[in-house]
There are 2 protein chains.
Amino acid sequence: MRADARRNVEGIRRAALDVFRTGGLTTPLDEVAKAAGVSKGTIYHRFGSRTGLIDAVVEELVAERLTAIIEAVEAVDGPLLRFEEYLLRTWLLQFDEPAANDVLMRVLPESEPLTSLFERSCHFGRRLLYEAQAAGVVRADITPDDLAYLILERGVIARACDQQTRDDYRRRLDFVLRGLRAVRT
Amino acid sequence: MRADARRNVEGIRRAALDVFRTGGLTTPLDEVAKAAGVSKGTIYHRFGSRTGLIDAVVEELVAERLTAIIEAVEAVDGPLLRFEEYLLRTWLLQFDEPAANDVLMRVLPESEPLTSLFERSCHFGRRLLYEAQAAGVVRADITPDDLAYLILERGVIARACDQQTRDDYRRRLDFVLRGLRAVRT
DNA sequence: TAACTTCTTGACCATGCCATCAAGTAACGT
DNA sequence: ACGTTACTTGATGGCATGGTCAAGAAGTTA
């Protein structure tokens, strides 16, 4: 690999991290190209396809955030609070970071790195759901599929309703959480 | 107006009702044209613009459904059930009819007929919210804006998550409704 | 420095949509 | 039956995007 090629690959990676971070994984590649100071053709030549580029950066782009959530949530006491903290932090991440949202929404179902990241978060959440249900603190009729949908739904909303303030978005999350709790007997 | 023109206007209206009903108000006009057996140019000539066509059919397309909800809900007993029935029926309508969903999502904020329809449903819901809050049966911190968002959110979801079955969609609505109820003291 | 290979470029094609308009067609009145 | 006028057509331009490739630029090596 020639020196300029190596330089460009690195530049494109960095530009992609930057652009995808703020705009999500579906940002036009021309913007990445512009940010990297190369032409769109170079990106295709180096990474094969849009997916190729995403695969090359998504881990670095998102893994940290998901890990941070898992760690923070592990430290919370009590199955209900833990489950709710997981959802809350995930939902806020979806609002704050379009790229992470794209991962959680499975925007590219074919991509292996994306799937892997998604599964990591999903399995963790599923465990928390089971534990909370076993403790009788959340509704027993919530399925793992429902959990996935709760996250997918929020992703769709975060994407589409982007004029709402973070505070309003946050406040409304409480309504949803409240609806998942077990009914008092 | 010549006979063929009159015939075409009627044909286009009917085709639009048909096509918009199943595909929503953002369906490409070519499909309406094809269904009406005319060319796209004719639609523009007769209705001026896409919005013009929508304005000409949206009342007939959607008003009936919204009215049906209002009437059915008026007959329900109790402020909580009434409020929940309104949301439930509205949410299901959003799932079942893309065109009604487009109205409730304010897809064309400029269109007067659309706005009028939207307001009709919205005011009714707001009244139910007030009554339910006055009776202490739903959370007091829900604002009229929140109500609008609850509907907008569902619209976005109905659009984007179209592979889920109606039954699953319906079942998940219960979670949301539950979260809106007043906390028992 | 000159030949050779790698690399980059940006014009290009394709898709899908909205919207327009000159030119052709068909209804209507006499 | 014919001229007039209303009407329709579909080819056309515009825009935004994904993706490709021949030709030219630039680095590498002897």
Side-chain angles (χ1 to χ4, degrees), chain A residues 1-16 18-20 22-58 98-99 102 105-111 114 159-160 162, chain B residues 1-16 18-20 22-58 98-99 102 105-111 114 159-160 162:
Chain A
M1 201 144 137
R2 238 165 61 178
D4 53 345
R6 234 174 302 127
R7 226 181 308 129
N8 279 335
V9 167
E10 215 11 67
I12 292 169
R13 266 184 51 87
R14 260 192 299 193
D18 210 55
V19 170
F20 286 159
T22 61
L25 302 180
T26 55
T27 313
L29 285 197
D30 305 69
E31 283 184 40
V32 177
K34 215 171 74 177
V38 301
S39 114
K40 193 174 38 164
T42 305
I43 296 182
Y44 279 97
H45 184 58
R46 289 290 147 215
F47 294 90
S49 66
R50 159 183 224 84
T51 309
L53 175 60
I54 290 173
D55 285 356
V57 299
V58 74
D102 288 337
M105 288 179 65
R106 317 261 11 237
V107 165
L108 285 96
E110 305 306 311
S111 158
L114 245 101
R159 270 193 163 189
D162 51 358
Chain B
M1 200 142 137
R2 238 166 59 179
D4 52 347
R6 233 174 304 125
R7 226 181 308 127
N8 278 335
V9 167
E10 217 8 72
I12 292 168
R13 266 185 51 86
R14 259 193 299 194
D18 210 55
V19 170
F20 286 160
T22 61
L25 302 180
T26 53
T27 313
L29 286 196
D30 305 68
E31 282 185 40
V32 177
K34 216 172 74 178
V38 301
S39 115
K40 195 173 33 168
T42 306
I43 297 182
Y44 278 96
H45 183 60
R46 287 291 148 214
F47 295 89
S49 65
R50 158 182 224 86
T51 308
L53 175 60
I54 290 172
D55 286 355
V57 299
V58 73
D102 288 337
M105 287 179 64
R106 318 260 12 237
V107 165
L108 284 95
E110 306 305 312
S111 159
L114 245 101
R159 270 193 163 190
D162 51 357

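Please read all numbers here as calculations on a predicted model, not as lab measurements. Per chain, numbering begins at 1; letters A, B, ... match sequence-line order.
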Quick one: list whatever passes side chain to side chain donor-acceptor pair (under 3.5 Å) with [X], sequence neighbours left out.
X	result
A/R50	none
B/R46	none
B/T51	none

* **side-chain contact (heavy atoms from CB on, under 4.5 Å), paired with B/F47, selected from B/V57, B/I12, B/D55** =>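 Only match with B/F47 under side-chain contact (heavy atoms from CB on, under 4.5 Å): B/I12.
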* To do: Name the first nucleotide and the last nucleotide along DNA chain C (5' to 3') that come under 4.0 Å of a heavy atom in chain B.
  =>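 From 5' to 3', the first and last contacting nucleotides are C/dC17 to C/dC28.
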* Quick one: on DNA chain C, does B/T42 or A/G37 contact a more 5' nucleotide (nearest heavy atom)? ->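 That would be A/G37.
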* Asked: Can you tell me how far the CG atom of A/D102 sits from the CG atom of A/L108, to the nearest 0.5 Å?
  ->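 A/D102 atom CG to A/L108 atom CG measures 8.0 Å (nearest 0.5 Å).
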Expected list for residues 37-45 of chain B: side-chain donor-acceptor pairs under 3.5 angstrom, two or more places apart:
unit_1	atom_1	unit_2	atom_2	d
B/S39	OG	B/G41	N	3.0

* **For the student: nearest non-hydrogen atoms of A/G11 and A/A36, plus distance** =>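 Looking at all heavy atoms of both residues, the shortest contact is O-CB, 3.8 Å.
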Under 3.5 Å, which donor-acceptor pairs do the side chains of residues 23-34 of chain B form with other protein atoms, sequence neighbours left out?
unit_1	atom_1	unit_2	atom_2	d
B/T27	OG1	B/G23	O	3.2
B/T27	OG1	B/G24	O	2.7

Close N/O contacts between protein and nucleotides 14-18 of chain D (under 3.5 Å):
unit_1	atom_1	unit_2	atom_2	d
D/dG18	OP1	A/R50	NH1	3.1

* Structure fact -> Expected string for nucleotides 25-30 of chain D under the B/S/- scheme (protein heavy atoms, under 4.0 Å, primed atoms plus P, OP1, OP2 as sugar-phosphate) is -BSS--
* To do: Mind jotting down which residue pairs meet the side-chain hydrogen bond (donor to acceptor under 3.5 Å, both in side chains) criterion with at least one end in residues 2-14 of chain B? Sequence neighbours excluded, please.
  => B/R2-B/D4, B/R13-B/E60
* To do: Evaluate the side-chain proximity of A/L53 to A/F20: yes if any heavy-atom separation is below 4.5 Å, no if none is.
  => yes
